[in-house]
Visitor: 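Below is one structure. I have some questions about it.
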Amino acid sequence: MVQYGLDYTRCRWIMPLLLGLAMIFGIIALVGWGWVNSETRPFVQQGSLWRLCTEREEWECISLMDFAWGKAAAATFFVGFVIIVICFALAIIAFAIPTLRFNFIRGIGGLCFVAAVFSLMGLVIYAVMVSKYLRENYPGNIRNELSWSYGFGWTMCLMGIGLGFFLCCLPLYEDHILGNVKPYYA
(Lines give C-alpha, C1' and ligand atoms only; values in the text may rest on other atoms or scores of the structure.)
Protein backbone atom coordinates (compact mmCIF):
# COMPACT_ATOMS: atom_id res chain seq x y z
CA MET A 1 0.00 0.00 0.00
CA VAL A 2 2.72 2.45 0.92
CA GLN A 3 4.87 1.47 -2.02
CA TYR A 4 2.17 2.11 -4.61
CA GLY A 5 1.04 5.66 -4.07
CA LEU A 6 0.59 6.62 -0.43
CA ASP A 7 2.99 9.51 -0.72
CA TYR A 8 2.44 12.07 2.00
CA THR A 9 2.90 15.08 -0.26
CA ARG A 10 0.40 13.85 -2.83
CA CYS A 11 -2.23 12.38 -0.52
CA ARG A 12 -2.32 14.77 2.40
CA TRP A 13 -5.61 16.38 1.31
CA ILE A 14 -7.52 13.20 0.46
CA MET A 15 -8.79 12.64 4.02
CA PRO A 16 -10.16 16.18 4.48
CA LEU A 17 -11.69 15.94 0.99
CA LEU A 18 -13.46 12.68 1.86
CA LEU A 19 -14.66 14.12 5.18
CA GLY A 20 -16.01 17.11 3.27
CA LEU A 21 -17.83 14.74 0.94
CA ALA A 22 -19.34 12.93 3.94
CA MET A 23 -20.40 16.32 5.28
CA ILE A 24 -22.13 17.16 1.98
CA PHE A 25 -23.95 13.81 2.05
CA GLY A 26 -25.08 14.62 5.60
CA ILE A 27 -26.44 18.01 4.50
CA ILE A 28 -28.38 16.35 1.68
CA ALA A 29 -29.80 13.80 4.13
CA LEU A 30 -30.82 16.49 6.62
CA VAL A 31 -32.67 18.69 4.14
CA GLY A 32 -33.92 16.03 1.70
CA TRP A 33 -37.54 14.95 1.37
CA GLY A 34 -36.80 11.41 0.30
CA TRP A 35 -36.56 9.56 3.60
CA VAL A 36 -39.75 7.56 3.14
CA ASN A 37 -42.02 7.30 0.08
CA SER A 38 -45.19 5.41 -0.74
CA GLU A 39 -47.13 5.31 -3.98
CA THR A 40 -49.86 2.93 -2.75
CA ARG A 41 -53.33 4.34 -3.28
CA PRO A 42 -55.38 5.67 -1.46
CA PHE A 43 -52.53 6.82 0.81
CA VAL A 44 -49.56 8.43 -0.91
CA GLN A 45 -46.86 9.38 1.57
CA GLN A 46 -43.68 11.37 1.43
CA GLY A 47 -41.51 12.11 4.41
CA SER A 48 -38.32 13.68 5.61
CA LEU A 49 -36.44 13.48 8.88
CA TRP A 50 -38.64 16.28 10.17
CA ARG A 51 -42.13 15.78 8.64
CA LEU A 52 -44.38 13.12 7.19
CA CYS A 53 -46.97 14.10 4.59
CA THR A 54 -49.92 12.02 3.37
CA GLU A 55 -52.11 12.69 0.34
CA ARG A 56 -55.71 11.58 0.55
CA GLU A 57 -57.70 14.31 -1.17
CA GLU A 58 -55.08 16.93 -0.32
CA TRP A 59 -51.69 16.86 1.40
CA GLU A 60 -51.74 16.67 5.19
CA CYS A 61 -48.43 16.98 7.03
CA ILE A 62 -47.54 16.09 10.59
CA SER A 63 -44.35 17.02 12.35
CA LEU A 64 -42.28 14.10 13.54
CA MET A 65 -40.98 16.37 16.29
CA ASP A 66 -44.28 15.75 18.10
CA PHE A 67 -43.14 12.18 18.79
CA ALA A 68 -40.34 11.19 21.15
CA TRP A 69 -38.89 8.81 18.57
CA GLY A 70 -38.89 11.59 15.94
CA LYS A 71 -36.95 13.86 18.25
CA ALA A 72 -34.54 11.05 19.11
CA ALA A 73 -33.93 10.13 15.47
CA ALA A 74 -33.39 13.74 14.42
CA ALA A 75 -31.19 14.57 17.40
CA THR A 76 -28.89 11.56 17.12
CA PHE A 77 -28.47 11.92 13.36
CA PHE A 78 -27.82 15.66 13.77
CA VAL A 79 -25.22 15.01 16.49
CA GLY A 80 -23.47 12.57 14.15
CA PHE A 81 -23.51 15.22 11.42
CA VAL A 82 -22.08 17.89 13.75
CA ILE A 83 -19.26 15.54 14.78
CA ILE A 84 -18.47 14.91 11.08
CA VAL A 85 -18.27 18.69 10.58
CA ILE A 86 -15.90 18.93 13.56
CA CYS A 87 -13.78 16.09 12.12
CA PHE A 88 -13.64 17.94 8.80
CA ALA A 89 -12.41 21.13 10.47
CA LEU A 90 -9.84 19.23 12.56
CA ALA A 91 -8.61 17.32 9.50
CA ILE A 92 -8.08 20.59 7.62
CA ILE A 93 -6.02 21.85 10.55
CA ALA A 94 -4.13 18.57 11.02
CA PHE A 95 -3.14 18.16 7.39
CA ALA A 96 -2.30 21.85 6.88
CA ILE A 97 0.44 21.77 9.53
CA PRO A 98 3.81 20.94 7.95
CA THR A 99 4.72 18.50 10.72
CA LEU A 100 1.98 15.92 10.81
CA ARG A 101 0.82 14.93 14.31
CA PHE A 102 -0.24 11.30 14.03
CA ASN A 103 -1.81 11.10 17.48
CA PHE A 104 -4.04 14.00 16.48
CA ILE A 105 -5.05 12.10 13.35
CA ARG A 106 -5.87 9.00 15.39
CA GLY A 107 -8.14 11.18 17.56
CA ILE A 108 -9.95 12.41 14.45
CA GLY A 109 -10.44 8.75 13.45
CA GLY A 110 -11.96 8.04 16.86
CA LEU A 111 -14.33 10.97 16.43
CA CYS A 112 -15.35 9.57 13.03
CA PHE A 113 -16.36 6.32 14.76
CA VAL A 114 -18.39 8.28 17.34
CA ALA A 115 -20.13 10.21 14.55
CA ALA A 116 -20.92 6.96 12.75
CA VAL A 117 -22.45 5.46 15.90
CA PHE A 118 -24.69 8.50 16.44
CA SER A 119 -25.83 8.64 12.83
CA LEU A 120 -26.41 4.87 12.82
CA MET A 121 -28.64 5.20 15.88
CA GLY A 122 -30.67 7.94 14.20
CA LEU A 123 -31.05 5.97 10.99
CA VAL A 124 -32.20 2.81 12.76
CA ILE A 125 -34.60 4.65 15.08
CA TYR A 126 -36.16 6.42 12.11
CA ALA A 127 -36.58 3.33 9.96
CA VAL A 128 -38.09 1.17 12.70
CA MET A 129 -40.39 3.75 14.20
CA VAL A 130 -41.68 5.39 11.02
CA SER A 131 -42.59 2.01 9.56
CA LYS A 132 -44.33 1.07 12.82
CA TYR A 133 -46.19 4.39 12.84
CA LEU A 134 -47.32 4.02 9.23
CA ARG A 135 -48.41 0.41 9.76
CA GLU A 136 -50.51 1.37 12.80
CA ASN A 137 -52.14 4.50 11.36
CA TYR A 138 -52.72 3.50 7.72
CA PRO A 139 -54.36 0.07 7.46
CA GLY A 140 -54.11 -2.15 4.45
CA ASN A 141 -51.27 -3.24 2.23
CA ILE A 142 -49.33 -0.01 2.11
CA ARG A 143 -45.82 -0.40 0.80
CA ASN A 144 -43.40 2.21 2.13
CA GLU A 145 -39.87 2.57 0.84
CA LEU A 146 -36.93 4.25 2.47
CA SER A 147 -35.66 6.41 -0.32
CA TRP A 148 -32.75 8.45 -1.66
CA SER A 149 -32.25 10.95 1.16
CA TYR A 150 -32.20 8.12 3.70
CA GLY A 151 -29.52 6.52 1.51
CA PHE A 152 -27.42 9.68 1.72
CA GLY A 153 -27.63 9.37 5.51
CA TRP A 154 -26.33 5.80 5.28
CA THR A 155 -23.55 6.97 2.98
CA MET A 156 -22.43 9.53 5.55
CA CYS A 157 -22.50 6.82 8.25
CA LEU A 158 -20.47 4.33 6.20
CA MET A 159 -17.96 6.98 5.17
CA GLY A 160 -17.50 7.83 8.84
CA ILE A 161 -16.71 4.18 9.60
CA GLY A 162 -14.30 3.83 6.68
CA LEU A 163 -12.51 7.10 7.34
CA GLY A 164 -12.30 6.22 11.02
CA PHE A 165 -10.48 2.99 10.18
CA PHE A 166 -8.15 4.70 7.75
CA LEU A 167 -7.33 7.61 10.07
CA CYS A 168 -6.69 5.25 12.98
CA CYS A 169 -4.44 3.01 10.87
CA LEU A 170 -2.53 5.84 9.18
CA PRO A 171 -0.09 6.34 12.12
CA LEU A 172 1.12 2.75 11.66
CA TYR A 173 2.81 3.91 8.46
CA GLU A 174 4.29 7.09 9.95
CA ASP A 175 7.89 6.34 8.97
CA HIS A 176 6.90 5.35 5.45
CA ILE A 177 4.78 8.45 4.96
CA LEU A 178 7.41 10.84 6.26
CA GLY A 179 10.19 9.15 4.27
CA ASN A 180 12.22 7.94 7.26
CA VAL A 181 12.54 4.38 5.95
CA LYS A 182 15.44 3.44 3.76
CA PRO A 183 14.14 2.07 0.45
CA TYR A 184 14.75 -1.60 -0.16
CA TYR A 185 15.39 -2.74 -3.71
CA ALA A 186 15.13 -6.44 -4.40
Side-chain angles (χ1 to χ4, degrees), residues 14-93 108-167:
I14 290 177
M15 292 300 111
L17 178 71
L18 290 174
L19 278 166
L21 191 63
M23 187 175 67
I24 290 169
F25 287 152
I27 291 170
I28 292 170
L30 284 170
V31 300
W33 267 94
W35 278 65
V36 64
N37 289 331
S38 173
E39 295 294 328
T40 308
R41 294 284 176 189
F43 304 110
V44 176
Q45 286 134 349
Q46 186 177 16
S48 70
L49 182 60
W50 315 103
R51 282 191 284 177
L52 184 65
C53 296
T54 304
E55 179 188 23
R56 292 181 184 167
E57 287 88 31
E58 59 185 53
W59 285 99
E60 301 170 8
C61 294
I62 60 166
S63 174
L64 295 180
M65 297 301 110
D66 294 338
F67 303 101
W69 60 265
K71 291 177 186 174
T76 54
F77 188 79
F78 189 71
V79 166
F81 171 73
V82 168
I83 295 173
I84 287 288
V85 171
I86 291 169
C87 288
F88 174 70
L90 291 176
I92 293 286
I93 293 168
I108 296 170
L111 277 176
C112 283
F113 283 126
V114 172
V117 166
F118 274 105
S119 60
L120 178 69
M121 286 190 303
L123 291 165
V124 170
I125 290 169
Y126 182 86
V128 170
M129 295 308 291
V130 81
S131 62
K132 179 181 174 186
Y133 172 78
L134 291 173
R135 197 172 42 249
E136 289 173 353
N137 293 313
Y138 300 101
N141 288 333
I142 296 175
R143 183 177 158 191
N144 296 301
E145 298 174 348
L146 297 168
S147 190
W148 61 270
S149 191
Y150 184 76
F152 276 107
W154 270 105
T155 304
M156 184 190 86
C157 178
L158 294 175
M159 285 183 77
I161 293 169
L163 289 168
F165 275 118
F166 192 79
L167 289 169

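Values below: all heavy atoms of this structure, side chains included; hydrogens, waters and symmetry mates excluded.
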Visitor: Would you compute the distance between atom OG of S131 and atom CD of E136 and round it to the nearest 0.5 angstrom?
Guide: 9.5 Å

Visitor: Does the plane of the ring in F152 sit parallel, tilted or perpendicular to the ring in F25? Use 30° and 60° as the thresholds.
Guide: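 Plane angle between 30° and 60°, so tilted.
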
Visitor: Only counting residues at least two apart or in another chain, list the ones meeting ring pair (Phe, Tyr, Trp, His ring centres under 6.0 Å) with F78.
Guide: none

Visitor: Can you measure from CG (L49) to OG (S149) and round to the nearest 0.5 angstrom?
Guide: 8.0 Å

Visitor: Closest approach of P16 and A91, non-hydrogen atoms and distance?
Guide: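 Taking every non-hydrogen atom into account, CG-O, 3.8 Å.
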
Visitor: Give yes when the SG atoms of C61 and C53 are nearer than 2.5 Å, otherwise give no.
Guide: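 C61 pairs with C53 as a disulfide (SG atoms under 2.5 Å apart), so yes.
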
Visitor: Compare every heavy atom of G80 with every heavy atom of A115, then report the nearest pair and how far apart it is.
Guide: CB-O, 3.5 Å

Visitor: What's the shortest heavy-atom distance between L123 and Y150, and which atoms?
Guide: O-OH, 3.0 Å

Visitor: If you measure from CE on M156 to CG on L19, what distance do you get to the nearest 0.5 Å?
Guide: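 If I round to the nearest 0.5 Å, the distance is 11.0 Å.
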
Visitor: Output, in order, the C-alpha distance, side-chain angles, deciding distance and verdict of side chain to side chain contact (heavy atoms under 4.5 Å, CB included) for F88 and I84.
Guide: CA-CA 6 Å; F88 174 70; I84 287 288; 5.6 Å; no

Visitor: Using the rule side chain to side chain contact (heavy atoms under 4.5 Å, CB included), only one of W69, W50, W35 pairs with L64; which is it?
Guide: W69

Visitor: Determine the minimum heavy-atom distance between G160 and C112, stating which atoms define it.
Guide: O-CB, 3.4 Å

Visitor: Which distance, rounded to the nearest 0.5 Å, do you find between the CD1 of I125 and the OG1 of T76?
Guide: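 With rounding to 0.5 Å, CD1 (I125) is 4.5 Å from OG1 (T76).
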
Visitor: So, for F118 and F81, is the gap between ring centers shorter than 6.0 Å?
Guide: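 When the ring centroids of F118 and F81 are compared, they turn out to be at least 6.0 Å apart.
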
Visitor: Locate the shortest heavy-atom distance separating L146 from A127; write the atom from each residue and the value.
Guide: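 Nearest pair, atom of L146 first, then A127: CD1-CB, 3.7 Å.
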
Visitor: Within this structure, what is the CD1-OG distance for the pair I161 and S119, rounded to the nearest 0.5 Å?
Guide: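 Rounded to the nearest 0.5 Å, the CD1-OG separation comes to 7.5 Å.
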
Visitor: Taking the side chain as every heavy atom from C-beta outward, state whether L134 and V36 have any atom pair closer than 4.5 Å.
Guide: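 In short, these two side chains touch, coming nearer than 4.5 Å.
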
Visitor: Which residue pairs satisfy the salt bridge (Lys or Arg N to Asp or Glu O under 4.0 Å) criterion with at least one member in residues 62-71, sequence neighbours excluded?
Guide: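 Salt bridge (Lys or Arg N to Asp or Glu O under 4.0 Å) check on residues 62-71 returns no pairs.
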
Visitor: In the structure I gave you, are the side-chain heavy atoms of Y133 and I62 within less than 4.5 Å of one another anywhere?
Guide: yes

Visitor: Rounded to the nearest 0.5 Å, how far does CD1 of I24 lie from CE of M159?
Guide: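 Here the interatomic distance stands at 9.5 Å.
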
Visitor: Which atoms form the tightest heavy-atom contact between C157 and L120, and what is the distance?
Guide: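 For C157 versus L120, the nearest heavy atoms are SG-CB, 3.8 Å.
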
